[in-house]
Amino acid sequence: MREETILQLEGIVENIVYRNDENGYTVLELSDSDDYITAVGVMPLANPGDKVVLTGGFTEHRSYGRQFAAQTCEVCRPTEAADILRYLSSGAVKGVGPSTAQKLVREFGEATLDVMENNPERVAQLKGISTEKALEFSAQLKANVGVRTLMLYLGEYGIGNAATVKIFKVFGTQAVERIKENPYILCGGDFGISFESADAIAKRENLDSDSAVRVRAGIGYVLRHNEGNGHTCLPKDKVIATAAGFLRVGAEHVAECAEEMVFDRSLMADKIGDRDFLFTPRMHLCEMYIASRMQMMLAFPAEQEARIDEAIAALEEENNIEYADLQKQAITAALTEGVMVLTGGPGTGKTTTLNAIIKLLQRKGKKVMLAAPTGRAAQRMSELTGDEAKTLHRLLEVSWDKQDNPVFNKNERNQLKCDALIIDEMSMVDCAIFESVMRALPVGCRLILVGDSDQLPSVGAGNVLGDLIDSGVLPVIRLNEIFRQAQQSLIVTNAHKIVCGQMPVLNNTKQDFFFLQKNIKSEVTEIIADLCQTRLPNAYGYSPFENIQVLCPSKKGELGTAELNHRLQARLNPPDDGKTEATVGGHTFREGDKVMQIKNNYDIRWFRDNGETGEGVFNGDIGIIERIDRKSKNIRVNFYDKTATLSFEAAADLDFAYAVTVHKSQGNEFDAVVMPMFSGPPQLYYRNLLYTAVTRAKKTLILVGTPQTVEYMVNNNRQTKRYSALKKFLLREETLY
């Protein structure tokens with residue numbers, strides 16, 4: 001195993017090859033007196049002519065060869081007249097070219113940069129330089145100093161350069177002063193800074209623990225944190241009690257601050273039933289917009305297609321098929337209603353129905369677009385329909401703003417060009433992305449939503465599919481007949497038994513659904529490891545890295561993902577002198593490990609073998625570690641459809657993926673699923689979770705544990721409460737649009 005070595009490199013920046021002005025990521029050429037070296041990293045202040053000191057290490061890029069991956073970059077401002085001339089001539093200060101640079105250095109010599117920054121009135125006295133230009137030069141130089149000062153200040157709290165650049169773009173040269181006055185502005189934006197980090201700065205700056213800025217930030221934190229748990233809103237009394245508890249201040253003071261926030265619209269309040277709820281402004285707008293746009297689509301539907309019965313009959317004859325009554329109803333609704341929901345479990349003919357809808361719409365001259373929330377779901381939709389399906393992000397043409405938040409180029413001013421949009425796997429679609437879809441939907445466009453309403457709700461905030469169905473205001477066709485071919489799969493028939501509250505068949509050993517009874521946790525662990533390592537690969541030729549997935553209800557405990565990942569790594573990818581390891585974020589990763597990205601990171605660049613490149617690795621992406629470079633502190637991961645190199649800092653958002661929670665498996669299907677069945681927390685052992693896990697398996701499903709646990713989950717139809725307001729907004733009598 002190679003030793004970790006941090007190198008220091010000193011030289012002159014010769015050329016900026018590439019710079020992302022939004023996040024400071026830079027590719028530059030460095031002269032170190034002997035050779036030219038390519039360096040990459042977050043280096044927003046480095047410009048041609050600068051003397052820089054880089055720390056990091058060398059890495060080998062698959063396409064671009066040997067590079068120095070810089071973790072830190074210290075820029076030494078040029079002091080010699082010749083170096084200053086070179087620096088200014090390179091364009092480091094916008095508006096200063098070679099001739100202006102010569103004029104400035106000839107006049108001010110070694111004091112040129114100091115005069116430009118602090119005495120712009122002297123610069124403006126030179127012929128050809130206006131006062132406005134001189135002030136611009138001063139502002140640019142002050143900004144460079146400001147970024148450097150901010151990096152030093154925030155670095156004491158472990159806040160990295162990438163986040164610092166985002167913060168500086170928002171607050172500019174006043175950033176340090178603004179943060180000292182109110183450190184909580186850091187956790188209220190999209191900088192990725194925790195409330196705890198802001199609290200640490202506040203403590204250093206001697207802010208009172210019951211100050212209004214801290215309490216207001218705490219209230220916002222409670223709401224945003226719970227958006228991460230799926231809630232678009234929370235009862236007001238719960239917000240106040242929770243904030244008072246973790247802030248350790250009086251509930252009355254929290255309530256007063258909450259009222260002030262509602263008054264100045266930092267929060268939104270709405271009454272649902274007889275209870276007051278609080279929202280962040282973003283979530284309130286999302287659900288209100290979706291509801292209003294749905295109301296408009298229902299009031300002004302797309303034009304009905306004619307002679308549908310004849311078209312269905314012709315399609316039946318052409319394909320030698322006879323659609324069931326509910327399938328015909330769904331096809332008819334899709335061609336006559338402006339918006340409709342098609343739902344049903346596995347084996348009920350959703351795909352057959354969907355293909356008929358697409359075919360008939362296309363034959364009537366309609367342009368149909370297909371989309372799904374994840375790459376794998378979109379790929380599967382393409383395979384099943386024969387038409388191109390895109391992820392929702394790609395459909396909406398995602399780009400990134402200055403804070404690296406997704407911005408969709410398709411919106412109400414630049415709408416999709418289609419007559420019908422079909423979205424599959426709607427149970428995974430959260431409130432924020434669905435609002436963006438609705439904004440991009442042209443007037444008169446049909447919207448067909450397909451999904452299994454019995455699966456778990458989206459990872460993101462909201463309960464969109466469930467609320468749309470439960471509202472009763474949209475046409476909903478629920479397919480419930482299992483077709484004969486699907487009846488031959490015990491996975492399918494048992495899934496339907498589970499969702500109906502019936503015990504699945506556990507004693508059939510000749511089909512695709514198997515139950516192995518083990519009454520001791522250690523035996524369950526051993527069987528799962530053996531299934532992944534030898535039994536399933538030997539029996540079916542499955543790869544534990546590509547075909548087999550262990551799913552767990554929980555992260556914690558002996559049979560949770562954390563412990564099982566530890567055991568499975570030891571069995572499937574044990575230590576080897578030829579495999580480099582690195583400890584990142586509490587995990588010791590090894591080359592060859594199966595991993596999952598657990599947070600969206602829009603900055604990570606990826607490439608494909610066909611030369612295509614892009615940015616963004618997303619929550620739920622699964623891949624294999626190809627290489628760990630301890631010198632450059634980089635990890636290269638093949639995410640199956642793309643390869644990305646992550647810094648150790650970014651790799652803190654990786655987790656092992658030999659075993660993942662059922663929630664994290666949404667949108668994926670696997671040839672074989674193995675799942676422990678042993679007692680655990682009631683809030684994690686319920687019917688919909690078991691049903692979702694079972695429906696992730698395409699060919700083989702194995703449950704290992706006790707039948708009592710299976711029975712408990714089947715009978716426990718109590719789902720975790722998810723607060724959302726979309727259903728209530730849809731049902732309001734007043735018109736929202």
Side-chain angles (χ1 to χ4, degrees), residues 223 226-239 267-301 333 337-344 373 392 423 425-439 441 447-478 499 663 666 686-689 691-692 717-737:
L223 286 168
N226 279 281
E227 284 175 12
N229 293 331
H231 305 291
T232 62
C233 55
L234 287 176
K236 182 178 178 180
D237 55 334
K238 281 184 174 289
V239 174
L267 295 181
M268 300 301 291
D270 216 314
K271 189 175 283 292
I272 301 175
D274 58 354
R275 201 170 185 185
D276 292 322
F277 279 74
L278 293 177
F279 305 68
T280 62
R282 175 76 181 114
M283 280 294 107
H284 190 263
L285 176 63
C286 276
E287 294 197 302
M288 285 289 284
Y289 184 85
I290 293 169
S292 65
R293 188 65 202 276
M294 280 291 178
Q295 288 181 347
M296 188 174 73
M297 293 178 72
L298 292 167
F300 306 99
E337 304 286 354
V339 57
M340 62 92 66
V341 175
L342 175 63
T343 186
L392 291 173
I423 303 177
E425 294 284 1
M426 263 303 295
S427 62
M428 293 182 62
V429 177
D430 62 41
C431 188
I433 188 70
F434 193 60
E435 182 220 10
S436 296
V437 170
M438 298 299 281
R439 289 187 181 278
L441 206 64
L447 180 61
I448 299 161
L449 308 175
V450 184
D452 187 345
S453 59
D454 291 314
Q455 290 188 18
L456 296 172
S458 59
V459 174
N463 187 28
V464 177
L465 181 61
D467 281 352
L468 291 175
I469 293 173
D470 292 345
S471 71
V473 302
L474 308 181
V476 177
I477 305 297
R478 186 185 295 272
V499 86
H663 283 85
Q666 285 179 267
Y686 56 93
R687 184 186 301 171
N688 283 69
L689 188 136
Y691 172 78
T692 301
N717 199 27
R718 166 183 170 270
Q719 299 182 36
T720 303
K721 176 70 175 176
R722 178 171 281 207
Y723 292 107
S724 64
L726 179 57
K727 175 183 173 181
K728 298 296 184 182
F729 291 164
L730 284 165
L731 290 170
R732 283 188 174 168
E733 293 182 3
E734 67 267 26
T735 302
L736 298 176
Y737 59 85

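Just so we're clear, the structure is a prediction, and the values are computed from it rather than from any experiment.
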| After noting the C-alpha distance and the side-chain angles of Tyr723 and Asn226, does the key distance pass the side-chain hydrogen bond (donor to acceptor under 3.5 Å, both in side chains) rule? | CA-CA 10 Å; Tyr723 292 107; Asn226 279 281; over 6 Å; no

Do the side chains of [Y] and [X] get nearer than 4.5 Å, heavy atoms only?
{"X": "Glu425", "Y": "Gln455", "value": "yes"}
{"X": "Val450", "Y": "Met426", "value": "no"}
{"X": "Phe434", "Y": "Leu392", "value": "no"}
{"X": "Val339", "Y": "Ile448", "value": "no"}
{"X": "Thr343", "Y": "Ile477", "value": "no"}
{"X": "Pro457", "Y": "Met428", "value": "no"}
{"X": "Val429", "Y": "Val437", "value": "no"}

| said: Which residues pass the ring-ring contact (aromatic ring centres under 6.0 Å, His included) test with Phe279, not counting sequence neighbours? | reply: His284

Identify the heavy atoms of [X] and [Y] that sit nearest to each other, and give their distance.
{"X": "Pro301", "Y": "Gly338", "answer": "CB-N, 3.9 Å"}
{"X": "Asn463", "Y": "Ser724", "answer": "CB-OG, 3.9 Å"}
{"X": "Ile272", "Y": "Lys728", "answer": "CG2-CG, 3.1 Å"}
{"X": "Ala432", "Y": "Cys286", "answer": "CA-SG, 3.8 Å"}
{"X": "Phe729", "Y": "Ala291", "answer": "CB-CB, 3.6 Å"}
{"X": "Gly462", "Y": "Cys431", "answer": "CA-CB, 4.2 Å"}

How far does [atom1] of [X] sit from [atom2] of [Y], to the nearest 0.5 angstrom?
{"X": "Gln295", "Y": "Leu731", "atom1": "CD", "atom2": "CG", "answer": "9.0 Å"}
{"X": "Glu227", "Y": "Thr232", "atom1": "CD", "atom2": "OG1", "answer": "8.0 Å"}
{"X": "Asp467", "Y": "Arg722", "atom1": "CG", "atom2": "CZ", "answer": "10.0 Å"}
{"X": "Gln666", "Y": "Thr692", "atom1": "CD", "atom2": "OG1", "answer": "6.5 Å"}
{"X": "Asp454", "Y": "Leu465", "atom1": "CG", "atom2": "CG", "answer": "9.5 Å"}
{"X": "Ser292", "Y": "Glu287", "atom1": "OG", "atom2": "CD", "answer": "12.0 Å"}

| request: Quick one: do Met340 and Leu449 satisfy side-chain contact (heavy atoms from CB on, under 4.5 Å)? Show the steps, please. | output: CA-CA 6 Å; Met340 62 92 66; Leu449 308 175; over 6 Å; no

| query | Could you walk me through whether Leu298 and Glu337 pass the side-chain contact (heavy atoms from CB on, under 4.5 Å) check? | reply | CA-CA 8 Å; Leu298 292 167; Glu337 304 286 354; 5.9 Å; no

| query | Which residue pairs pass the salt bridge (Lys or Arg N to Asp or Glu O under 4.0 Å) test when at least one of the two sits in residues 426-438, sequence neighbours left out? | reply | Arg282-Glu435, Glu435-Arg439

| Asp270: salt bridge (charged side-chain N to carboxylate O under 4.0 Å, His left out) partners, not counting sequence neighbours | Arg732

| query | Under the side-chain contact (heavy atoms from CB on, under 4.5 Å) criterion, do Ser458 and Val464 qualify, and how do the steps go? | reply | CA-CA 8 Å; Ser458 59; Val464 177; 5.9 Å; no

| field | Pair Arg275 + Asp237: basic N to acidic O under 4.0 Å | value | yes

| request: Determine, for Lys727 against Asp470, whether the closest basic-nitrogen to carboxylate-oxygen distance falls under 4.0 angstrom. | output: no

| message | Test side-chain contact (heavy atoms from CB on, under 4.5 Å) on Met438 and Met297; report intermediate values, then the result. | response | CA-CA 10 Å; Met438 298 299 281; Met297 293 178 72; 3.7 Å; yes

